[in-house]
J.: 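This structure is in structure tokens; I'll ask about it shortly.
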Amino acid sequence: METIAVIDFETTGLVPAQGDRATEIGVVLVRDGQIVDRYQSLMNAGRHIPAFIEHLTGITNAMLRAAPPAAQVMAEVADFVSALPLVAHNASFDRKFWDAELARIGHERTQDFVCTLLVAKRVLPEAPSYKLGSLIAFAGLPAAARAHRALADAEMAAHLTVHLQRTLMERFELAGVPHTLLGRIQKTPKSQLEPCLRRTIASPGRAPSSLITADA
DNA sequence: TGCCAGGCCCTCTTTAGGGCCTT
């Protein structure tokens, strides 16, 4: 059964190219709709956390001074994730930091990222907001006790991923929704998604991902 | 102290602009 790695970073800011660094990472492994493993660690990259981000996340500069070095943490988490497909909410953000922090230890990402924000916009078009917490509330999924911490946000994104997969399976009578199909869905224009998946139902002999590729 | 960027998406669009989302 397919295993995916849902990740979330807390950081000092928005732009690694301007010196922002990761301060914490959380990873949740999901298999067959269930969380099967977790990884979380603060990481000390020697970068000061602005006060408003300390307030936002609860991660303080004092906490980072006692945290393991970023390089050590990234080596551990790269080993934990290995080549598993990656998922994140607003993945363009986490992808930037994942690639930047990996590059600092001489590693390079080989797998794709799936973005739950882009998939949710297509699968849940009636949602009032696409913030992670708002989608969790909208879908009636369990909310984390402390948002804006890496593992809590990764767990919420994992629950959202499973909800999106199950919604697609029920709506389109699909046997399964692998990460490759989620990847195709996030790249398919919203206006084309419904007819593409409807044709999937009418062509049971063809794999959903190949159908989306051909029609997109 | 507060902001930073960038991809996506919508519309009063496409020769553009602005909001959302992430910390």
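Numbered from 1 within each chain, the chains take letters A, B, ... in sequence-line order.
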J.: Look at all strands and tell whether A:I49 reaches a base, only sugar-phosphate, or nothing, counting heavy atoms closer than 4.0 Å.
T.: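 No contact.
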J.: Between B:dA5 and B:dT23, how many Å separate the two C1' atoms, rounded to a whole number?
T.: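 Their C1' atoms lie roughly 12 Å apart.
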J.: Would you measure the distance from the P atom in B:dC8 across to the matching atom in B:dT13 and give it in whole Å?
T.: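 After rounding to an integer number of Å, I get 22 Å for this pair.
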J.: Residues from residues 128-136 of chain A sitting under 4.0 Å of DNA chain B, heavy atoms only?
T.: A:S129, A:Y130, A:K131, A:L132
J.: Using the test side chain to side chain donor-acceptor pair (under 3.5 Å), find all partners of A:Q165 that sit at least two apart in sequence or belong to another chain.
T.: none
J.: Please list all pairs passing the side chain to side chain donor-acceptor pair (under 3.5 Å) test where one or both residues lie in residues 7-17 of chain A, with sequence neighbours left out.
T.: A:T12-A:D20
J.: Please identify each residue that fulfils ring-ring contact (aromatic ring centres under 6.0 Å, His included) with A:F93, with sequence neighbours left out.
T.: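 ring-ring contact (aromatic ring centres under 6.0 Å, His included) check on A:F93 returns A:F97.
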J.: In whole Å, measure the gap between the P atoms of B:dG6 and B:dG2 for me.
T.: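 My reading of the P atoms in B:dG6 and B:dG2 gives 24 Å.
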J.: Taking only residues two or more places apart in sequence or in another chain, which ones pass ring-ring contact (aromatic ring centres under 6.0 Å, His included) with A:Y130?
T.: none
J.: May I ask you to list the residues of residues 85-96 of chain A, by number, that have any heavy atom positioned under 4.0 Å from an atom of DNA chain B?
T.: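 The stretch gives A:H89, A:N90, A:F93, A:K96 as the residues lying under 4.0 Å from the strand, ordered by number.
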J.: Can you tell me how far P in B:dC9 sits from the matching atom in B:dC4, rounded to whole Å?
T.: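 My reading of the P atoms in B:dC9 and B:dC4 gives 23 Å.
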J.: Which residue lies toward the 5' end of DNA chain B, A:I53 or A:K121, if each is placed at its nearest nucleotide?
T.: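 Looking at DNA chain B, the more 5' nearest nucleotide goes with A:K121.
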J.: Using a cut-off of strictly less than 4.0 Å between a heavy atom of the residue and any atom of DNA chain B, enumerate the qualifying residues of residues 157-166 of chain A by number.
T.: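 Residues of residues 157-166 of chain A that come under 4.0 Å of DNA chain B do not exist, since none gets that close.
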J.: A:D112: what forms a side chain to side chain donor-acceptor pair (under 3.5 Å) with it, not counting sequence neighbours?
T.: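 Not a single residue meets the side chain to side chain donor-acceptor pair (under 3.5 Å) criterion with A:D112.
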J.: ring-ring contact (aromatic ring centres under 6.0 Å, His included) with A:F52: which residues, sequence neighbours excluded?
T.: none
J.: Determine which pairs satisfy salt bridge (Lys or Arg N to Asp or Glu O under 4.0 Å) with at least one residue from residues 128-149 of chain A, sequence neighbours left out, and list them in order.
T.: A:E24-A:R149
J.: Need two values: the first and the last nucleotide of DNA chain B, 5' to 3', having an atom under 4.0 Å from any heavy-atom of chain A.
T.: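 Here the contact window of chain A covers B:dC3 to B:dT23.
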J.: Say you pick atom C1' in B:dT11 and the same atom in B:dC3; how far apart are they, in whole Å?
T.: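 So the two C1' atoms sit 28 Å from each other.
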J.: Pick the P atom in B:dC20 and in B:dC12, then give their distance to the nearest Å.
T.: 16 Å
J.: Under the side chain to side chain donor-acceptor pair (under 3.5 Å) rule, collect the residues that match up with A:N44, sequence neighbours excluded.
T.: none
